[in-house]
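Note sheet for the following structure.
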Amino acid sequence: MTFPSDSSFSKDVRIRRNSEFKEVFEKGTRIRTPHFNVLYSPNNLGFPRIGVIVGKKTSLNAVGRNRIKRIVREVFRKNKASFDSFDVVIIAKKNCKGLTYKNAEEEILGFAEKKLS
RNA sequence: CGAGUGGGUCGAGCGAUCGCCUGUCUUUUCCGCAUGGAAAAGAUGGGAGGAAAGUCCGAACUCCAGAGGGCAGAGCGCUGGGUAACCCCCAGGUGCCGUGAGGCAACGGAAAGUGCCACAGAAAACAGACCGCCGAAGUUUUCCCGUUUAUGCGGGAAAACAGGCAAGGGUGAAAAGGUAGUGUAAGAGACUACCGCACAGGGUGGCGACACCCUGUGGCACGGCAAACCCCGCUCGGAGAAAGACCAAGUAGGGAAGCAUCCACCCUAAGGGGUGGGCAGAUGGCCCGUCUGAUGCUUCCGGGUAGGUCGCAAGAGGCACCCAGCAAUGGGUGUCCCAGAUAAAUGAUCGCUCUCGACAGAAUUCGGCUUACAGACCCACUCGCUUC
RNA sequence: UGGGGGAUCGUCUAAUGGCAGGACGAUGGGCUCUGGACCCAUUAGUCUAGGUUCGAAUCCUAGUCCCCCAG
């Protein structure tokens with residue numbers, strides 16, 4: 001538990017550059033969960049970073065896509081400690097449409113714990 | 001009470017905790033000679049829509065191109081007004097629809113020209129004749145009557161032909177006015193009356209589209225399609241914020257200026273000069289016209305990618321009141337500052353209330369249009385029923 | 001975000017504004033001892049909604065979906 005009470009979500013913990021995304025895509029490990037494709041690769045920053053990708057085919061309108069991004073980011077923010085020091089890219093699959101916060105939390109935390117072990 | 005028409009407003013709300021984007025102020029630290037810049041913490045303010053959407057119009061803004069001329073192309077199309085502008089809005093006219101409140105209209109020209117109008121039908125655009133009607137006058141044949149010796153002549157009837165007609169039938173999306181009468185062999189604007197229509201002239205009202213009235217002419221000519229070509233009138237240079245401006249790693253080498261420089265022929269001893277021609281590019285549609293040239297040598301030093309900063313949030317701005325106007329809208333006064341990201345900000349959890357929550361997320365900015373949408377409320381009006 | 005193009009049977013592709021045609025496929029039948037090939041027949045379509053027109057795949061308006069280009 002490196003960040004026991006820190007649940008902030010500043011720009012530092014987001015993957016923001018195209019080159020950084022590319023690095024994760026090239027070096028990262030890929031894991032599939034029912035609703036997401038997840039890529040992750042270790043970094044040497046001492047804290048995790050996240051990038052979320054939601055394609056047009058997941059949800060046809062912008063409101064739906066924003067909704068999924070917000071849910072995923074919220075899960076990450078509340079559980080940053082579980083991600084140790086990794087760059088994580090989460091890609092939403094087509095079946096994400098009716099996803100709720102609780103479903104996403106269960107699924108992503110389940111993945112994070114497996115990865116840590 | 002029911003059904004409906006037109007217009008407008010809103011688009012779940014409140015509280016707590018954790019979190020995101022951003023403006024301002026304060027403090028601290030660091031950098032800098034300094035104006036100032038960066039980071040952190042705290043305080044405080046703001047934080048998606050009526051359509052933010054589609055990208056269908058119109059602009060602002062930016063860059064590119066602009067000697068000039070012609071052709072082509074695109075858009076618009078009743079009238080007057082509004083506007084920065086518009087394919088928008090308001091008011092009005094005309095036509096059509098609706099019992100009505102009201103709604104809808106690409107609504108210039110078909111007597112400038114060209115083209116098209118399948119099938120059906122007789123005929124589809126300087127009309128035409130299938131069935132049908134007529135067949136008087138004309139021709140032929142037959143029959144009857146009169147007369148005559150007889151041919152014949154006269155009269156009548158029937159049939160056929162030549163011919164006449166366009167009223168009725170039928171076809172079609174569309175068939176060249178309607179009603180009544182006269183007329184005739186049958187009919188027909190052939191003629192007459194009334195209605196309708198077209199054209200010309202004049203008057204009245206209106207800025208005008210146009211409306212109404214009067215007079216005359218025409219028996220009616222001028223079918224439809226211009227969201228077919230086209231004609232007439234008006235408008236239009238191209239691209240778009242991934243526009244564009246500035247700063248600028250790494251890697252790779254590029255750019256500008258000057259001189260010589262393509263092919264053929266002619267002149268010349270040579271150097272070189274002249275004439276003609278071709279190719280490619282620019283002039284973001286094409287043509288004429290105009291301009292430029294590959295490569296080598298010499299000299300000079302910038303251009304640009306990742307990334308960053310700006311553009312980028314005070315505006316044809318919102319709200320309130322007053323004035324002008326039927327209105328769209330304009331003018332004045334006061335007041336407010338109200339998203340500004342860049343892998344891209346509004347979410348999660350809990351509690352409460354209700355009608356149990358639709359369509360949907362700013363990306364340069366405005367003005368419109370169009371499309372999507374659970375519902376709630378307000379104003380004005382229409383029709384029907386019932387009661388007083 | 002901006003710009004451009006397209007949509008016709010299951011697939012590919014034709015059609016001066018006048019009955020939507022062809023190929024491949026599918027289904028059924030014939031031929032054959034059986035299958036293939038071949039022959040015959042059938043099936044099924046103008047992306048959607050309005051408008052112009054007598055009549056629309058075609059012309060006009062709005063919408064839906066797909067593809068391409070620009071970092």
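Treat the numbers as computed from the prediction; the structure is a model and nothing was measured. Note on naming: letters A, B, ... go to the chains in the order of the sequence lines (proteins, then strands), and numbering restarts at 1 for each one.
Here, rG367(B) and rA328(B) have their C1' atoms 14 Å apart, quoted to the whole Å. Using C1' as the reference atom, rG55(C) and rA174(B) are 13 Å apart when rounded to the nearest Å. The same atom, P, is picked in rG304(B) and in rC59(C); the two are 47 Å apart, to the nearest Å. Between the P atoms of rG8(B) and rC117(B), the separation comes to 50 Å (whole Å). rU27(B) and rC350(B) have their C1' atoms separated by 37 Å, with the value rounded to a whole Å. The separation of rG244(B) from rG311(B), taken at their C1' atoms, amounts to 8 Å, rounded to a whole angstrom. Going from the P atom of rC126(B) to that of rC116(B) covers 12 Å, rounded to whole Å. Atom name C1', nucleotides rG135(B) and rA162(B): the rounded distance is 10 Å, in whole Å.
Pair assignment for rG293(B): rC279(B), on the basis of Watson-Crick or G-U wobble contacts that are both within less than 3.5 Å. A 3.5 Å limit on both hydrogen-bonding distances identifies rU215(B) as the Watson-Crick or G-U partner of rA200(B). rG58(B) is paired with rC366(B) under the criterion used here, namely a Watson-Crick or G-U wobble arrangement in which both key atom distances are under 3.5 Å. Look at rU382(B): its Watson-Crick or wobble partner, with both distances under 3.5 angstrom, is rA3(B). The base-pairing partner of rC96(B), taking Watson-Crick or G-U wobble contacts with both distances under 3.5 Å, is rG103(B). Under the Watson-Crick or G-U wobble criterion, with both distances below 3.5 Å, rU371(B) has no partner in any strand shown. Under the Watson-Crick or G-U wobble criterion, with both distances below 3.5 Å, rC359(B) is paired with rG49(B). Using the Watson-Crick or G-U wobble rule with both distances under 3.5 Å, rA110(B) pairs with nothing in any strand shown.
At whole-Å resolution of the value, NZ in Lys80(A) and P in rC18(B) are 15 Å apart. Here rG347(B) presents its P atom at 15 Å from CD1 of Ile68(A), a figure rounded to the nearest Å. At whole-Å resolution of the value, CD1 in Ile108(A) and P in rA348(B) are 14 Å apart. The nearest whole Å value for the distance from the CD1 atom in Ile71(A) to the C1' atom in rU346(B) is 14 Å. As a whole-Å value, the separation of Glu23(A) CD from rA306(B) C1' is 15 Å. Atom NZ of Lys102(A) and atom C1' of rA348(B) are 11 Å apart (whole Å). Following rounding to the nearest Å, Lys69(A) (NZ) and rC20(B) (C1') show an atom-to-atom distance of 14 Å.
Proximity of Arg77(A) to the phosphate of rU349(B): no side-chain N or O atom is located under 4.0 Å from OP1 or OP2. Close to rC21(B), at under 4.0 Å from its OP1 or OP2, lies a side-chain N or O of Arg14(A).
Taking hydrophobic clusters as Ile, Leu, Val, Met, Phe, Trp and Tyr residues chained together by side-chain heavy-atom distances below 4.5 Å, Ile53(A) does not share a cluster with Val38(A). Under a hydrophobic clustering in which Ile, Leu, Val, Met, Phe, Trp and Tyr are joined whenever their side-chain heavy atoms come within less than 4.5 Å, directly or via other members, Val54(A) and Ile31(A) fall into the same cluster.
Shown here for Phe21(A) and Gly51(A), the closest heavy-atom pair between the two residues is CZ-CA, 4.0 Å. When all heavy atoms are compared, the tightest approach of Gly28(A) to Ser41(A) is CA-CB, 3.8 Å. Nearest heavy-atom pair across Arg49(A) and Arg14(A) is CD-O, 4.3 Å.
Using a cutoff of 4.0 Å between basic side-chain nitrogens and carboxylate oxygens, Glu105(A) and Lys102(A) are not scored as salt-bridged.
The list of side chain to side chain donor-acceptor pair (under 3.5 Å) pairs with a residue in residues 63-73 of chain A, not counting sequence neighbours, is empty.
rC214(B) adopts an anti glycosidic conformation, its chi angle falling more than 90° from 0. Under the 90° criterion around 0 for the glycosidic angle, rG164(B) counts as anti. Taking the O4'-C1'-N9-C4 or O4'-C1'-N1-C2 dihedral as appropriate, rG50(B) has a value within 90° of 0 and is therefore syn. Base orientation for rA48(B): syn, the chi torsion being within 90° of 0.
The 5' end of RNA chain B is approached more closely, in terms of each residue's nearest nucleotide, by Val52(A) than by the other of Val52(A) and Tyr101(A).
Rounding to the nearest 0.5 Å gives a distance of 9.5 Å between CZ of Arg77(A) and CG of Asn79(A). Taking CD1 of Ile91(A) as the reference point, atom CG of Leu39(A) lies at 5.0 Å (rounded to 0.5 Å). Rounded to the nearest 0.5 angstrom, Ile15(A) CD1 and Ile50(A) CD1 are separated by 8.0 Å. Taking OG1 of Thr33(A) as the start and CD of Glu106(A) as the end, the distance is 12.0 Å to the nearest 0.5 Å.
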*Phe9(A)/Lys80(A) under side-chain contact (heavy atoms from CB on, under 4.5 Å): CA gap, chis, key distance, verdict*: CA-CA 9 Å; Phe9(A) 189 67; Lys80(A) 265 199 289 184; 5.7 Å; no

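Among Tyr40(A), Phe111(A), Phe76(A), Phe36(A), the single residue meeting the side chain to side chain contact (heavy atoms under 4.5 Å, CB included) criterion with Ile90(A) is Phe36(A).
Within 4.0 Å of Ile53(A), counting heavy atoms only, lies at least one base atom of the nucleic acid. In this structure, Arg67(A) reaches the sugar-phosphate backbone alone: every heavy-atom distance under 4.0 Å involves primed, P, OP1 or OP2 atoms, never a base. Nucleic acid contact for Phe21(A): base, since at least one base atom lies under 4.0 Å from a heavy atom of the residue.
Between rA343(B), rA348(B), rA344(B), one nucleotide has an atom nearer to the side chain of Lys78(A) than all others, and that is rA348(B). Distance from the side chain of Arg73(A) is smallest to rA344(B) among rA343(B), rA348(B), rA344(B). If you check rG347(B), rC21(B), rG19(B) against the side chain of Phe9(A), the one that comes closest is rG19(B).
With pairs defined as Watson-Crick or G-U wobble and both atom distances under 3.5 Å, the stems of at least three pairs that touch RNA chain C come out as C:1-7 with C:64-70, C:10-13 with C:21-24, C:26-30 with C:38-42, C:47-51 with C:59-63.
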Which pairs, protein N/O on one side and nucleotides 358-365 of chain B N/O on the other, fall under 3.5 Å?
{"from": "rG361(B)", "atom 1": "OP2", "to": "Ala62(A)", "atom 2": "N", "distance (Å)": "3.0"}
{"from": "rG361(B)", "atom 1": "OP2", "to": "Val63(A)", "atom 2": "N", "distance (Å)": "3.3"}
{"from": "rG361(B)", "atom 1": "N7", "to": "Asn66(A)", "atom 2": "ND2", "distance (Å)": "3.4"}
{"from": "rG361(B)", "atom 1": "O6", "to": "Arg70(A)", "atom 2": "NH1", "distance (Å)": "3.1"}

